[in-house]
Each structure stands twice: as C-alpha cells, then as structure tokens.
Amino acid sequence: MRVSNLFFATQREVPADAEIPSHKLMLRAGLIRKMSSGIYAYMPMGFKVYKNVEKVIREEMDRAGAQELIMPALLPAEAYQASGRWEKFGPEMFRMSDRGGRPFCLGPTHEEPFTEAVRDTFRSYKNLPVTLYQIQHKYRDEKRPRFGVMRSREFVMKDAYSFDVDEEGLDKSYKIMYDAYRRIFDRLGLDYTVVDADSGAMGGSGSQEFMVKSPIGEDAICFCDACGYAANEEKASCKEGEADTSAELPIEKIHTPDVKTIEELIAFMNTTADKFVKTILYNIDGKIVAVMVRGDRDINETKLGNIYDATEMDLASFEDVERITGAKVGFAGPVGLKEKIEVVMDTEVAGMKNFIVGACETDYHFKNVNIGRDFTPDIVKDVKNVKSGDLCPKCGQPLGMARGVEVGHIFKLGTKYSDSLGCIYLDKEGKEHSMVMGCYGIGVSRTIAAIIEQYNDEDGIKWPAIAAPYKVIVIPTNTKDETVMGVAEKLYNAYIDAGFETLIDDRNERPGVKFKDADLLGIPLRVTVGRRAGEGIVELKFRMDGAMSEATIDEAIEAAGKIK
Ligand code: ATP
Ligand code: MG
C-alpha cells in the first residue's frame with residue numbers, strides 16, 4: 001500500500017477522555033474513530049490489526065476442533081426470559097421492540113441461542129461432545145464505558161460454547177479450550193497470568209480468567225509467589241488469623257463528637273483500625289442490608305452480590321441510612337438499628353472480641369461490642385477484599401497484589417442453560433439428561449488494546465509482527481530522486497512478493513515526518529532508502545528494540561523474516 005493513498009491521518013492532540021496509552025495511541029495513530037461513548041469504528045489500519053488478531057483466534061479455535069458459526073446480534077427476548085437473564089442483565093442489556101411490540105435485545109453474550117441451536121440439532125449422546133464458536137459484536141450498556149475499546153458498549157468477542165454428556169466430558173472440553181487460549185495469547189506475545197475467577201450467580205463449577213498484568217488494569221489480581229495460587233480479587237480469599245479468646249468486657253457508649261472518618265476515630269479512641277468493625281448499608285435490588293467488615297478492610301461487592309444473587313447493588317441512600325440507623329451517615333452499627341434489616345457479617349469479624357462499632361446515634365460509638373451478647377448476625381460469610389500481605393489460603397505464605405486486564409474468561413457452566421432451555425440428550429438406555437456446558441470468551445477488541453498497553457513507548461506503538469497492520473515500511477527520503485525511488489520501489493515489490501504486507505511512504509514529506517508516523521504506527525521493520533541508495537545500501541530499523549543497521553538489498557529483504 002502506498003502511504004499517499006492510505007486512508008489515515010495521525011493526530012497530535014487526543015481528546016481529554018483518552019486516559020491510558022492504548023486509547024491515546026489508537027486515536028493518535030488513526031486506528032479507531034469514536035462514534036459515541038463506548039462505540040468505535042475501526043479505520044483501515046485498525047481493521048487490519050483486528051483481522052490479524054481474529055485470525056490467530058480462529059486458527060486456534062479450529063485447531064481445537066471448535067466449529068465456527070454466526071448468530072444474529074439482534075435476538076428475540078424469549079430464550080433470555082426463559083433463562084432468567086432478561087431480568088438479570090438489568091440496565092446493561094440493550095433492549096428494543098419491533099413494530100409489532102415484540103421484545104428484542106442486542107446480544108450481550110450468546111449462551112441462550114447456542115443452547116437452543118444444539119437442543120434443536122442434537123438429541124443423542126452419540127452426537128456429543130461438540131464445541132461451537134463465533135466471532136461477533138456484543139452489546140452491553142456499560143455503566144462506565146472507558147479506555148476506548150477496552151471497555152466499550154459495542155465490542156468484538158470470540159465466544160465459544162461446549163456441550164458434553166457429563167462433568168468429566170466438560171473437564172476435557174474445558175482443558176482443550178484452556179490450552180487453545182494459552183496458545184492464542186502466547187502467539188499474540190502477551191504477558192499474562194491465568195487466575196481463578198468468580199463463578200458468581202452463574203453457578204457452575206469453576207472459572208478462570210486470562211489477565212494481562214498492567215498498571216491500568218481494572219481488575220486486581222491476588223497471587224502467591226510461594227505456591228502459585230492466583231485469583232481475581234473478586235474471588236480471592238485468605239487464611240484468617242486465630243480467633244480472639246479474650247474475656248468479654250462490658251459494652252460502653254462513647255461520645256465521639258467531630259469524628260467523621262475511620263482515621264479520626266482511630267486517633268480519638270487511641271486504637272487501631274483492626275479493633276473496629278465498620279458497618280455499611282447496601283441497597284441490593286431494593287432490599288437494605290447491613291454489611292460488617294473489620295475496620296481496615298474493604299467490602300467485596302462481588303461476594304456480597306453473590307449471596308443475594310444481585311442484579312443491581314449500590315450503597316444505601318442517605319435517607320435510608322438515616323431512617324434505619326436513626327443517625328447521620330457514619331454511625332451505623334449492628335446494635336440499636338431502628339428497623340429490622342439483615343446483617344451480613346464477614347467471617348473474620350466472627351473471630352473478634354470487644355470491638356468498636358457505630359452506635360446508631362449521631363456522634364456516638366459503642367466500645368467492647370461482642371457477637372451473640374450484643375447482636376446476632378443473620379449471615380456470616382466471607383465478604384471482604386483480600387489485601388497485600390494477607391496469608392495465602394492454600395499455603396499460608398503472604399499474598400501479593402497486581403493489576404490486570406481481563407482478556408479472556410473460561411467457565412464451567414454446568415446445566416444452568418440446558419436445564420432452563422430444555423437442551424437434553426438421550427443416553428444409551430434412552431434416558432434423558434441435560435447437556436453439561438462450558439463457555440469461553442475472548443475480548444477481541446480488548447486484546448488489541450492490551451497488546452498496545454504492553455508494547456508501546458513515547459513514540460508510539462510497537463506491534464509484535466503477528467498483529468502488525470503492515471510488517472514493513474519502506475521510506476524513500478527523497479521522492480524526487482530517481483535512484484532512491486528505484487531502489488525503494490524494487491524493495492517494496494520484493495517484500496510483497498515474499499508475502500509481507502508492506503507500506504511505501506511515497507509522500508513528498510520530510511524524512512522526519514515519515515519516521516515519526518512510522519514509529520507512531522508501530523510498523524515492525526522500517527527500511528530507509530536514502531544517501532547510499534546508489535551503492536545498494538539501505539538502513540534498517542526494528543521498531544521493537546530500536547536496533548538500527550545498514551544492509552544490502554538482499555539483507556534488507558531477508559530481515560523481514562526476522563521480525564518478531
Ligand atoms: P468485565 O468484568 O471486564 O466486565 P466480563 O466478566 O463482563 O468482563 P465476560 O462476560 O466474561 O466479561 O466476557 C468475555 C470477554 O469479553 C472478557 O474477558 C473481555 O475480554 C471482553 N469484554 C467484556 N466486556 C467488555 C467490554 N465492555 N468491552 C470490551 N471487551 C469486553
Ligand atoms: Mg462486564
């Protein structure tokens with residue numbers, strides 16, 4: 001492709017909402033174009049990368065024996081109603097009706113239509129296992145679309161679904177997908193970790209996420225260097241300390257005026273945060289519950305949501321808190337609530353004695369509160385976030401934390417969808433069973449952004465060859481010089497003949513401008529044809545490591561085979 005014909009424009013300025021390197025670079029390099037919040041078009045250069053990533057995924061899915069098909073994005077409501085997800089997805093689902101008033105959605109994920117397709121096609125154990133996939137647009141009205149194509153409202157996903165006769169079969173299908181995912185992310189050059197993930201309200205017997213470690217990652221990953229335990233913070237647990245066996249002291253009400261934060265309270269009481277239990281009121285699908293965790297802990301909303309199979313969850317409103325506690329916000333506690341609400345207590349609190357809580361009265365706290373004597377929780381469950389230094393649940397060594405971008409998610413679903421949609425098979429004896437399912441997703445758009453996050457510098461993108469929109473860019477320094485242009489054209493054609501997608505920057509621009517664009521676009525091999533063209537000498541620069549050298553024409557052509 002001749003750069004003079006290329007439909008692209010690089011940009012110096014990027015909009016203020018582009019906060020992270022990949023988003024900025026995708027806009028600056030003209031790979032994508034914003035249509036609306038969380039909705040992007042891929043321009044030719046971006047679309048090439050998209051197709052390259054898609055190709056790797058497709059090759060590995062096919063190698064793993066999965067079969068590709070394509071479902072519509074516009075789907076009738078019925079199957080989602082039958083599975084319960086019409087409600088469950090809540091405001092994240094894009095919904096609409098046709099001219100006759102029939103409800104439809106834009107598919108946020110496709111378990112339902114795949115389950116129906118298999119139900120209506122296969123009836124016998126002899127047909128199973130089978131794994132199907134598609135690479136298709138998904139629609140989710142995300143609460144906070146951001147980071148460009150990392151978290152958008154329309155995005156591309158590869159989603160696969162496996163159907164087996166039993167759990168043992170599912171384990172095999174799952175392992176095949178796991179291996180395929182490793183090959184995909186290895187080939188794409190990503191530095192990733194596989195972590196245990198929340199199976200959530202989806203039920204199922206296990207799930208793992210493929211996380212690219214990155215400071216901008218929206219997920220927190222908890223890991224143990226000693227034994228290899230790794231889990232998403234949403235799911236991670238820790239070994240808890242020994243229970244306190246001190247004698248119970250009499251409860252005391254303490255006047256704590258002008259104390260607003262936990263830090264101020266700790267200073268005022270001359271104690272530490274772990275002697276305190278915070279009580280936070282949540283509104284979970286319209287029901288208010290009180291949640292108690294140790295003062296130095298954060299509540300894990302995924303774990304909390306799972307208890308209630310929550311669709312929508314938020315902090316309770318000020319009005320609700322004031323009515324239920326009879327105090328201003330900041331003084332909630334389990335003793336003296338004015339309305340009976342469910343109290344969920346973290347398992348760690350169960351081991352505490354003589355702790356401090358809000359007194360349900362403005363400017364007052366209780367000291368020496370004890371479970372059983374002063375209040376009784378309704379539910380005791382792990383609802384806390386693990387933090388760095390907590391002990392590994394498997395081996396007891398200290399845990400570390402890192403941030404990650406979730407690029408893939410594999411999931412043992414079990415029979416949730418086959419039960420609700422009647423996807424059954426007949427065994428040897430002619431008895432009916434629900435098929436046992438797995439589902440497997442890769443965010444194609446998010447993977448592209450993750451590659452850029454991992455491979456960039458101040459000058460632009462540094463594409464690994466496999467994803468690069470073009471592998472080579474030939475830059476004649478002077479387009480008016482016939483010798484220079486002769487060598488440049490010869491090289492350009494030689495690269496194309498050798499099967500490398502190549503650009504020739506034939507624009508009548510200063511070399512500096514061309515170099516800047518080539519660096520920004522991240523083309524792996526830059527070949528500059530200049531002063532020494534007459535002697536058959538050109539200059540090579542590998543974008544990945546910046547290595548530069550002079551080369552003969554033959555060496556230059558050979559060099560394209562060396563890009564990584
Ligand atoms: P997240 O927790 O990031 O919202 P998810 O758990 O909702 O992800 P899945 O439903 O498992 O994601 O979807 C499979 C894959 O699709 C994810 O691993 C991710 O790579 C991608 N993905 C999910 N939501 C988005 C989005 N809004 N924009 C881009 N990619 C997405
Ligand atoms: Mg999501």
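Because the structure is predicted, anything quoted here is derived from the model rather than measured. Note that these values count all heavy atoms, side chains included, but never hydrogens, waters or copies made by symmetry. We count ligands from 1, going down the list as the structure has it; atoms in each ligand are counted the same way. Nothing fancy with the numbering, it's 1 onward along the sequence.
Close approach of ligand 1 to G408 (heavy-atom distance below 4.0 Å) involves ligand atoms 18 (O).
Heavy-atom separations between V407 and ligand 1 include at least one value shorter than 4.0 Å. Residue contacts with ligand 1: V149 is included, with a non-hydrogen atom under 4.0 Å away. Under a 4.0 angstrom heavy-atom cut-off, S445 registers as lying outside contact with ligand 1.
Classification of the Y50-H137 ring pair by plane angle, with boundaries at 30° and 60°, yields tilted. Using a 30° and 60° split on the angle between ring planes, H409 and F411 fall in the tilted class, from 30° to 60°. Classified by interplanar angle (parallel below 30°, tilted 30° to 60°, perpendicular above 60°), the ring pair Y40/H23 is perpendicular.
Between L27 atom CG and D17 atom CG the span is 8.0 Å, to the nearest 0.5 Å.
The shortest N/O to N/O separation between E142 and ligand 1 falls below 3.5 Å.
When every heavy atom of G460 is checked against every heavy atom of L25, the shortest pair comes out as CA-CD2, 3.7 Å.
In E406, the parts holding a heavy atom less than 4.0 Å from any atom of ligand 1 are both the side chain and the backbone. Within the 4.0 Å heavy-atom criterion, neither part of D219 lies near ligand 1.
With atom 7 (O) of ligand 1 as the reference point, the heavy atom nearest to it among R140, K158, R146 is part of R140. The nearest non-hydrogen atom to atom 22 (N) of ligand 1, considering only Y440, F155, F210, F147, comes from F155. Taking only non-hydrogen atoms, the option from H409, K138, R151, M157 nearest to atom 13 (O) of ligand 1 is M157.
Enclosure of atom NZ in K387 by more than 12 non-hydrogen atoms of other residues, nucleotides or ligands within 6.0 angstrom is indicated.
For the pair K412 and Y174, the cation-pi criterion (under 6.0 Å, within 45° of the ring axis) is fulfilled.
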